[in-house]
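Some notes on the structure that comes next.
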Amino acid sequence: MTTLLFSSKREKPELWRGLISQYISDLDFRVWPTDIGPKEEIEFALVWRAKLGELRTYPNLKAIFSLGAGVDHLLRDPDLPKNVPIVRLVDPDLTRGMTEYLTQWALYYHRGMHAYRLKQLERNWEPKHYPHPSNRKIGILGQGVLGKGAAQVFVDLGFDVAGWSRSEKNITGVKSFFGNDGLVPFLARTEILICLLPLTPETTGIINQDTLAHLPNGAFIINAARGAHVVDDDLLAALDSGKIAAATLDVFNPEPLDKNHRYWSHPHVNITPHVASLTNAPTAAGEIAANIKRIQSGDQPLHIVNVKGGY
Ligand code: NDP
Ligand code: OXD
């Protein structure tokens with residue numbers, strides 16, 4: 001028997017029960033909080049924003065799987081069990097969704113659509129030339145699974161692409177900036193800034209007055225990572241002054257975004273409700289089931305989180 005606890009308010013347990021049991025025939029699927037059964041029977045947990053302190057109450061857990069790529073929802077738990085591997089979601093379909101979202105918004109800004117939208121409100125017919133993609137500098141904070149996936153597509157579209165990460169990268173067509181020393185030169189060249197960092201103590205508030213000041217005037221920002229990467233008052237001030245021409249924000253701190261927040265009505269802010277890339281249950285279930293089988297065969301699961309590093 002493979003006993004798995006499912007805990008998520010955003011995903012439908014019945015859907016996941018059906019999908020995972022297609023791969024694991026002896027699946028015993030339990031649902032938090034109504035159908036947990038004896039806690040000592042639970043071997044695997046599949047969670048999104050589990051109740052704080054809950055996971056440490058299962059003494060025989062072999063792995064905790066995140067229902068999303070980000071694991072900040074798990075690592076915020078001060079009582080997270082210490083010797084149980086935390087496994088993040090890596091699914092080519094999640095990368096595809098993120099790349100779609102980022103390509104669409106980057107092209108929107110690159111082709112001047114934000115300005116045309118505002119001109120339309122004034123009934124103003126004013127065609128403008130735009131730079132060749134080779135003269136448009138896109139910079140991606142984070143060169144992990146999602147950052148690399150998007151960078152590759154921007155390279156294929158002919159953009160001048162750079163990435164910033166902790167360690168140096170060698171990705172064809174992508175200029176690598178890394179570490180604290182690499183951040184300022186990376187920002188100084190970036191006209192469309194995309195955030196795809198994990199939320200950790202080092203990356204919290206990374207889009208702030210100081211970092212924004214290093215971007216070229218009139219830069220665009222797309223934040224598809226976590227709301228707490230942005231110091232909201234600093235971004236609003238930069239948008240008000242025109243330093244930043246426009247921002248697309250998919251993530252907020254907290255979510256949902258407060259109805260009275262200034263972002264909602266700001267003419268240079270485009271909001272989406274944390275949908276940049278939604279977990280696609282049919283493909284993600286296959287990835288998670290394969291990882292469970294790996295553990296059952298005595299192997300390490302893929303994509304274990306470095307808890308100390310925070311991602
Ligand atoms: P990865 O763990 O694969 O990549 C993280 C990247 O960030 C790595 O390149 C890493 O550098 C870099 N990084 C981490 N800390 C630092 C630091 N202090 N300084 C410089 N670089 C750093 O993550 P994913 O690409 O899979 O996902 C990224 C994030 O996207 C998730 O954590 C999640 O928050 C968000 N997300 C948002 C979604 C949405 O719908 N809005 C959907 C899915 C994910 P290095 O390579 O050197 O280790
Ligand atoms: C994720 C997310 O991390 O949905 O996958 O934000």
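Just so you know, ligand 1 is whichever comes first in the structure, and atom 1 is the first atom listed for that ligand. As a basis for the values below, the full set of heavy atoms in this structure was taken, side chains included, without hydrogen atoms, waters or symmetry mates. Numbers here are sequence positions counted from 1.
With ligand atoms numbered from 1 in the order given, ligand 1 contributes 39 (C), 40 (O), 41 (N) to contacts under 4.0 Å with heavy atoms of Ala276. Remark: ligand 1 atoms within the under-4.0 Å shell around heavy atoms of Gly142 are 6 (C), 7 (O), 9 (O). Close contacts of ligand 2 with His274, meaning ligand atoms under 4.0 Å from a residue heavy atom, involve 2 (C), 4 (O), 6 (O). Per-residue contacts place Gly70 under 4.0 angstrom from the following atoms of ligand 1 (heavy atoms of the residue considered): 31 (C), 32 (O), 33 (C).
Of the protein's non-hydrogen atoms, Leu197 O, 3.7 Å is the one closest to atom 29 (C) of ligand 1. Given atom 44 (C) of ligand 1, the protein heavy atom at minimum distance is Leu146 CD1, 3.4 Å. The shortest contact between atom 42 (C) of ligand 1 and any protein heavy atom is with Ser277 O, 3.5 Å. In terms of protein heavy atoms, atom 1 (P) of ligand 1 is closest to Arg88 NH2, 3.3 Å. The protein atom (non-hydrogen) at minimum distance from atom 38 (C) of ligand 1 is Met98 CE, 3.5 Å. For atom 46 (O) of ligand 1, the closest non-hydrogen atom of the protein is Lys169 NZ, 2.6 Å. Here the heavy atom of the protein found nearest to atom 6 (C) of ligand 1 is Gly144 N, 3.7 Å.
In summary, Arg88 and Glu287 do not engage in a salt bridge, as defined by a charged side-chain N under 4.0 Å from a carboxylate O. Taking the charged nitrogens against the carboxylate oxygens, Arg30 and Asp35 have no contact shorter than 4.0 Å, which rules out a salt bridge. One finds no salt bridge joining Asp28 and Arg17 here, because no Lys/Arg side-chain nitrogen approaches an Asp/Glu carboxylate oxygen to under 4.0 Å. Residues Glu191 and Lys137 are not paired through a salt bridge, judged by the lack of any N-O separation under 4.0 Å between the basic side chain and the carboxylate. Taking the charged nitrogens against the carboxylate oxygens, Asp160 and Arg136 have no contact shorter than 4.0 Å, which rules out a salt bridge.
Considering backbone and side-chain N/O of Asp72, none are found under 3.5 Å from N/O of ligand 1. Distances between N or O atoms of Thr279 and those of ligand 2 include no value under 3.5 Å. For the pair Thr203 and ligand 1, the shortest N or O to N or O distance does not fall below 3.5 Å. Not one N or O of Leu196 is nearer than 3.5 Å to an N or O of ligand 1, by distance alone. Where the criterion is an N or O separation shorter than 3.5 Å, residue side chain and backbone included, Val145 meets it with respect to ligand 1. In terms of polar-atom proximity, Thr200 is not counted as a contact of ligand 1, lacking any N or O under 3.5 Å from an N or O of the ligand. Residue Val71 has no N or O atom closer than 3.5 Å to an N or O atom of ligand 1. Not one N or O of Ser277 is nearer than 3.5 Å to an N or O of ligand 2, by distance alone. For Gly70, a nitrogen or oxygen atom sits less than 3.5 Å from a nitrogen or oxygen atom of ligand 2, counting backbone and side chain alike. Residue-to-ligand polar distances place Ala224 within reach of ligand 1: an N/O pair is separated by less than 3.5 Å. Distances between N or O atoms of Ala69 and those of ligand 2 include at least one value under 3.5 Å. Considering backbone and side-chain atoms alike, Asp250 places an N or O below 3.5 Å from some N or O of ligand 1. Taking only nitrogen or oxygen atoms, main chain and side chain alike, Arg10 reaches within less than 3.5 Å of ligand 2.
Looking only at distances, no side-chain donor or acceptor of Asp93 sits under 3.5 Å from a matching main-chain atom of Asn280.
Proximity of Lys148 to ligand 1, defined as any heavy-atom pair under 4.0 Å, is not found for any part of the residue. When non-hydrogen atoms are compared, ligand 1 lies under 4.0 Å from the side chain of Val251 (C-beta onward) but not from its backbone.
Nearest residue to atom 34 (O) of ligand 1 from His303, Arg226, His274 is Arg226 (criterion: closest heavy atom). Summarising the contacts of atom 21 (N) of ligand 1 with His73, Arg166, His229, the nearest heavy atom is found in Arg166. Nearest to atom 9 (O) of ligand 1 by heavy-atom distance, out of Glu168, Gln143, Glu202, is Gln143. Across Pro198, Ser165, Gly179, Gly68, heavy-atom proximity to atom 7 (O) of ligand 1 is greatest for Pro198. Of the candidates Tyr311, Trp164, Phe177, Tyr101, it is Tyr311 that places a heavy atom closest to atom 10 (C) of ligand 1.
The aromatic rings of Tyr109 and Phe220 lie parallel to each other, with less than 30° between the two planes, well short of the 60° mark. Relative ring orientation between His114 and His268 is described as perpendicular, the plane-to-plane angle rising above 60° on a 0-90° scale split at 30° and 60°. A perpendicular orientation is assigned to the rings of His110 and Tyr130, their planes being inclined by more than 60° (bins at 30° and 60°).
Note: the hydrophobic cluster containing Tyr58 also contains Ile86 (ILVMFWY, side chain heavy atoms under 4.5 Å, direct or indirect links).
Side-chain N/O atoms of Thr272 and Tyr101 include a donor and acceptor closer than 3.5 Å. Inspection of the Tyr311 and Arg166 side chains reveals an N or O donor paired with an N or O acceptor under 3.5 Å. Looking only at atom types and distance, the side chain of Tyr263 has a donor-acceptor partner in the side chain of Asp232 under 3.5 Å away. For Trp32 and Glu54, the side-chain atoms include at least one donor-acceptor pair closer than 3.5 Å. Between the side chains of His229 and Thr204, not a single donor N or O lies within less than 3.5 Å of an accepting N or O.
Within a 6.0 Å radius of CZ in Arg76, other residues, nucleotides and ligands contribute more than 12 heavy atoms.
Considering all non-hydrogen atoms of both residues, Ala276 and Asp250 come closest at N-OD2, 3.0 Å. Across all their heavy atoms, Pro13 and Glu11 have their closest contact at CD-O, 3.4 Å.
Counting heavy atoms from C-beta outward, Pro133 and Phe159 have side chains that approach closer than 4.5 Å.
Contact analysis puts Arg226 in contact with ligand 2, with a non-hydrogen atom separation below 4.0 angstrom. Proximity of Arg88 to ligand 2 is not established, as no heavy-atom distance is less than 4.0 Å.
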